[in-house]
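Only one structure is covered here, and it is reproduced in the block below.
Positions are given from 1, in the same order as the sequence printed here.
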Amino acid sequence: MREKVEAALAKVRPALQADGGDIELVNVTEDGVVQVKLKGACGGCPMAKITLKNGVERVLKAEVPEVREVVEV
């Protein structure tokens, strides 16, 4: 599943990088929780939680149905 998640993150990464940020995959748990770290401008952005849930999580769930949740660590 980790490979599928990496491929899905590659689709959202350009949008984050366009705003000066990035995302790093930390871990994918057996129960479908994807742990990520927001980097660059995304790391300190007040809208980061919204981006994570409404953007990244939505795309990952659509691309990888096994994903249950995306959390920042």
Would you be so kind as to tabulate the donor-acceptor pairs closer than 3.5 Å made by side chains of residues 44-53, with sequence neighbours excluded?
from, atom 1, to, atom 2, distance (Å)
Thr51, OG1, Met47, O, 3.2
Lys53, NZ, Glu57, OE2, 3.1
Lys53, NZ, Val70, O, 3.0

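Across all non-hydrogen atoms, the minimal contact from Val26 to Arg2 is O-NH1, 3.8 Å. Of all heavy-atom pairs spanning Ala41 and Asp19, the tightest one is CB-O, 3.5 Å. The two residues Cys42 and Gly21 come nearest to each other via the heavy atoms SG-CA, 3.6 Å.
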| query | Going through the checks in order, is the side chain to side chain contact (heavy atoms under 4.5 Å, CB included) test met by Gln35 and Glu72? | reply | CA-CA 6 Å; Gln35 299 171 340; Glu72 185 177 8; over 6 Å; no
| task | Quick one: do Val34 and Val71 satisfy side chain to side chain contact (heavy atoms under 4.5 Å, CB included)? Show the steps, please. | result | CA-CA 6 Å; Val34 176; Val71 297; over 6 Å; no
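Side-chain atoms of Val67 and Val5, non-hydrogen and from C-beta on, do get closer than 4.5 Å to each other. In this structure the side chain of Ile23 reaches within 4.5 angstrom of the side chain of Val56, judged on heavy atoms.
Between Lys61 and Glu69 no salt bridge is recorded (no basic side-chain N to carboxylate O distance below 4.0 Å). Using a 4.0 Å cut-off between charged side-chain N and carboxylate O, Lys37 and Glu24 make no salt bridge. Salt-bridge formation is detected for the pair Glu63/Lys11: a Lys NZ or Arg NE/NH1/NH2 atom is positioned less than 4.0 Å from an Asp or Glu carboxylate oxygen.
Cluster annotation: Leu25 is connected to Met1 through the hydrophobic network of ILVMFWY side chains, with a link wherever side-chain heavy atoms come within less than 4.5 Å.
Arg13 places no side-chain N or O within donor-acceptor distance of the main-chain N or O of Asp22, the cut-off being under 3.5 Å.
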